[in-house]
2 protein chains.
Amino acid sequence: MRGRMNDVASYIEPFKVNEPLSGGIVGRVVESKSPKFTPGDYVLGNLNWADYSVASDQELRKLDPNSGSISLALGTLGMPGMTAYFGLLEIGKPKAGETVVVSGAAGAVGTLVGQIAKIKGCRVVGIVGSDDKAAYITGELGFDAAINYKQADFREQLKKACPQGVDVYFDNVGGDITDAVLQLINHHARIVLCGQISMYNLDKPDIGPRNWWLLLVKSATLQGFIVSEYAERFPEGIREMAQWIKEGKVKFHETIARGLGSAPKAFIGLFKGENIGKQLVHVADESLSSL
Amino acid sequence: MRGRMNDVASYIEPFKVNEPLSGGIVGRVVESKSPKFTPGDYVLGNLNWADYSVASDQELRKLDPNSGSISLALGTLGMPGMTAYFGLLEIGKPKAGETVVVSGAAGAVGTLVGQIAKIKGCRVVGIVGSDDKAAYITGELGFDAAINYKQADFREQLKKACPQGVDVYFDNVGGDITDAVLQLINHHARIVLCGQISMYNLDKPDIGPRNWWLLLVKSATLQGFIVSEYAERFPEGIREMAQWIKEGKVKFHETIARGLGSAPKAFIGLFKGENIGKQLVHVADESLSSL
């Protein structure tokens, strides 16, 4: 969504001024002219930020409320979950015993990347922006180590946390954090380029050391990816992720803002690191009567 | 060789002060205690910069003087040739109709990358440092366009030369040149990270715009590689390259310095862009009597 607020060509159209923002929304059908949906159905779609929306049945996917919390369709069993799942497994290709580092480790994607890497038998180091987040990912999620990049000796801490170097780096952040990780990569390291959130709000291109030489001498691979490219395989990813949740191998956390009016503040909070796990905005209660 | 002059860990050991430099050498056997070689044999090895060397038979590969110029074992049919061949075909994966850009396009590797890409049916744009080199790669080697990066409107010229964007970028140079190419990459672009010669002689890390965002939004892949990783497949690469030479599809150029004493100057000249094609140092005549 942040990328769409810049007036530049990207993999998805920019937002238009004076038109509503849109994003991933879970809602409930109030009225339907399609045989595919009846009032009361839970649906997922890319819809406007609004109390009510009109959508064609092509744009909506029906959700099964018995399969767990419907909000998971926006997080662990939705776009962020599939981003973690396919990004880590298809591009990062972690092998048991390897060291996986993830930046933005307490976010919707990062929390899942680390837990999946643990399932695959890796040493997992998360980079976060607060000690609370560090405690959460090690204490609750089982990361082997967490580094708060705001601490002055961040680079030394990171080096100590990765005594065998770094085999997979799942990058959500970019900038100085990424520079530090690159110093530690091993031969044939894989870098999953998922986000560069440190740069989204900058007016000018960020300036930093040109570090491709590090990628060269280590025969490293860096791959940018957009999760929608794996859309056909989402059912497979959702199935396995749901199984891991059921088995208690993957935990999730949602940071929930209340009311549509809180959406802008919640959105801006993402860039200040205010959320843990998936940031949601609760627009209305689930019951039809309250709509 | 330049990398080995820095006292840092890399994929090959640094040179030691007060010991000879070593590199790829073609020579002729003067005396042999191995049944594998007899005086007069042409051999290839990684040997000291010297008039005479002692080597074990494990270190040497016999060359067939009837297979063409023996110096090709140091260029088109040797390390630079295999770098171009495997780097472009295995990492760049060019498809007919795509646009391939190569930096350092008039060098030992770049000249071959462009010609192989033409064989594969691509539009080929070379980036060079002089108008003479530009004329050579378009006039002699069949590149579709050549851009002299020293011209002020280099970026505009590059954009015009790539009206369909860039699908494969074979990077020998890095720095500003690479920044300019990245602005033009297409969805699913492949970047072959072969060299970063613009940086080898810098005292401090080069500083520039952090441009990973461009790789992300284009779902691009960047891969560093060291040609020795393909060593087992060199016979296959040499066979096909020799065939292309025979058919006139691949031409080569050698810049030859005369005498061992000219080696340091010739080496330094590489970083000033003084060579076209492979830089060789002719140490002695081929005939045994003259040794």
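Worth knowing before you read on, the calculation uses all heavy atoms, side chains too, and leaves out hydrogens, waters and symmetry mates. Just so it is clear: chains get the letters A, B, ... in the order the sequence lines come, proteins before strands, and each one is counted from 1.
- Atom CG of A/D7 is surrounded by 12 or fewer heavy atoms from other residues, nucleotides or ligands within 6.0 Å.
- The minimum heavy-atom distance between A/I207 and B/R210, with the atom names listed, is O-NH1, 3.3 Å.
- For CD of A/E156, the number of neighbouring non-hydrogen atoms (other residues, nucleotides, ligands) closer than 6.0 Å is greater than 12.
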| task | Could you go through the side-chain contact (heavy atoms from CB on, under 4.5 Å) check for B/I226 and A/L216 one step at a time? | result | CA-CA 8 Å; B/I226 306 298; A/L216 201 175; 3.8 Å; yes

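- Minimum interatomic distance between A/E229 and B/S219 (heavy atoms only, all atoms of both residues): OE2-OG, 2.8 Å.
- Listed in order of number, the residues of residues 166-185 of chain A that approach chain B to under 4.5 Å between heavy atoms are A/D171, A/G175, A/D176, A/T178, A/D179, A/L182.
- In terms of non-hydrogen atom pairs under 4.5 Å with chain A, the most contact-rich of B/G195, B/P209, B/G3 is B/P209.
- Proximity to chain B is limited to the side chain of A/I191, based on heavy atoms less than 4.5 angstrom apart.
- To the nearest 0.5 angstrom, B/R190 atom CZ is 11.0 Å from A/Q223 atom CD.
- Of all the listed residues (A/L215, A/L214, A/I12), the one sharing the greatest number of non-hydrogen pairs under 4.5 Å with chain B is A/L215.
- Of the listed residues (B/I91, B/D206, B/V217), the greatest number of heavy-atom pairs within a distance under 4.5 Å of chain A belongs to B/D206.
- Within 6.0 Å of CD in A/Q151 there are more than 12 heavy atoms belonging to other residues, nucleotides or ligands.
- Listed options A/W213, A/W212, A/Y200, A/F225 were ranked by heavy-atom pairs under 4.5 angstrom with chain B; first place goes to A/W212.
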